Amino acid sequence: MLSNHSIDVVVQAALDEDAPWGDLTSAVLIPEDAVATARLEAREPGVFSGTAVFAAAFRLTDPRIEVRPFVQDGDWFDTGATLAEVTGPARGILQGERIGLNFVQRMSGIATLTARYVAETAGTTARIVDTRKTTPGLRALERQAVRDGGGHNHRFSLSDTVMAKDNHLAILAAGPLGLTEALLEVRAKLSHTTHFEVEVDRLDQIDDVLAAGIDTIMLDNFSPEDLIQGVQQIAGRAIVEASGGVSLDTVRAIAASGVDVISVGALTHSVHSLDLGLDVAIRVSTPAGFALANP
């Protein structure tokens, strides 16, 4: 799960990058006692993600700022919907605006794209999962967005699971052991709680991998016809993952092959950030109270 600590670390780093010595423009243009109300508006439809991250951008800028969400993570929304309201010191809202928007636009874009992939696989047993093709430093946020879109997460890091891919197997093949024996030797070193996955790119590799008692076999860049054959060959003796060449145009046929998991790098590495806007109305302090300057 995405923790408050991990959110604060990432958001604070972004705020420090964007305003290392404060917001010079707001400091010279905006009265210190100005108060603002800003509304997060949807300029295109999608799935919302990033409520806590959006709020953190303002809370860490000025703890007096309040964020009131009108949707929950995972909710669909239409163009023109008001997604949240931000109220508090105007300087702080203006300083945190871009960072809050950057995060919530990207996370909502990931959630929306994930939801489209999930919809394409409806009626099958296949799970849509992400990959490690995430933005450096933002993996925890992007993985949460995948979950908000109805998808699932693959291994979080290199430390989580043994996953032998083509380059690993190429090095193993240069040794004295055959593939099955090499994999069995690795298996013997692992705890019983450690998951072991192996990638194959040809049908004739499957039996040697199965003989090593591997937990998950990834069928990489297989055609839909070969995926069907691979699923039949594995016959429930391992989890079957499909990877490579996955798009919204191809995912339905891949899911229909009977695979258990479909990993989609595009969910995070080439996603379109949703178009969301923050429209601000500023109230300036006067002896008589507050006068709305831009209703």
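Computed from heavy atoms alone, side chains included, the values below leave out hydrogens, waters and symmetry copies. Please read all numbers here as calculations on a predicted model, not as lab measurements.
Under the 4.5 Å side-chain criterion, counting only non-hydrogen atoms from C-beta, Leu219 is in contact with Val200. Arg132 places a side-chain heavy atom less than 4.5 Å from the side chain of Leu158.
Each of Val53, Asp73, Asn102, Val271 was scored for a side-chain contact (heavy atoms from CB on, under 4.5 Å) with Met107, with one residue passing: Val53.
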Exercise for the section: Please test Ser243 against Ser263 for side-chain hydrogen bond (donor to acceptor under 3.5 Å, both in side chains), starting from the C-alpha separation and ending with a verdict. Expected result: CA-CA 5 Å; Ser243 182; Ser263 51; 3.2 Å; yes
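At most 12 heavy atoms of other shown residues, nucleotides or ligands fall within 6.0 angstrom of atom CD in Glu66. Annotation for Arg59: atom CZ counts as buried by contact number, over 12 foreign heavy atoms lying within 6.0 Å.
Under the 4.0 Å criterion applied to side-chain N and carboxylate O atoms, Glu120 and Arg252 are not assigned as salt-bridge partners. Salt-bridge formation is not detected for the pair Asp130/Arg147: no Lys NZ or Arg NE/NH1/NH2 atom is positioned less than 4.0 Å from an Asp or Glu carboxylate oxygen. Contact check on Arg91 versus Asp23 returns no salt bridge, with no Lys/Arg side-chain nitrogen under 4.0 Å from an Asp/Glu carboxylate oxygen. Between Arg202 and Asp208 no salt bridge is recorded (no basic side-chain N to carboxylate O distance below 4.0 Å).
Here the side chain of Ser6 pairs no donor or acceptor atom with the backbone of Leu2 at under 3.5 angstrom.
Here Ile239 sits in one hydrophobic cluster together with Val129, Val261; the rule is ILVMFWY side chains under 4.5 Å apart, joined directly or through other members.
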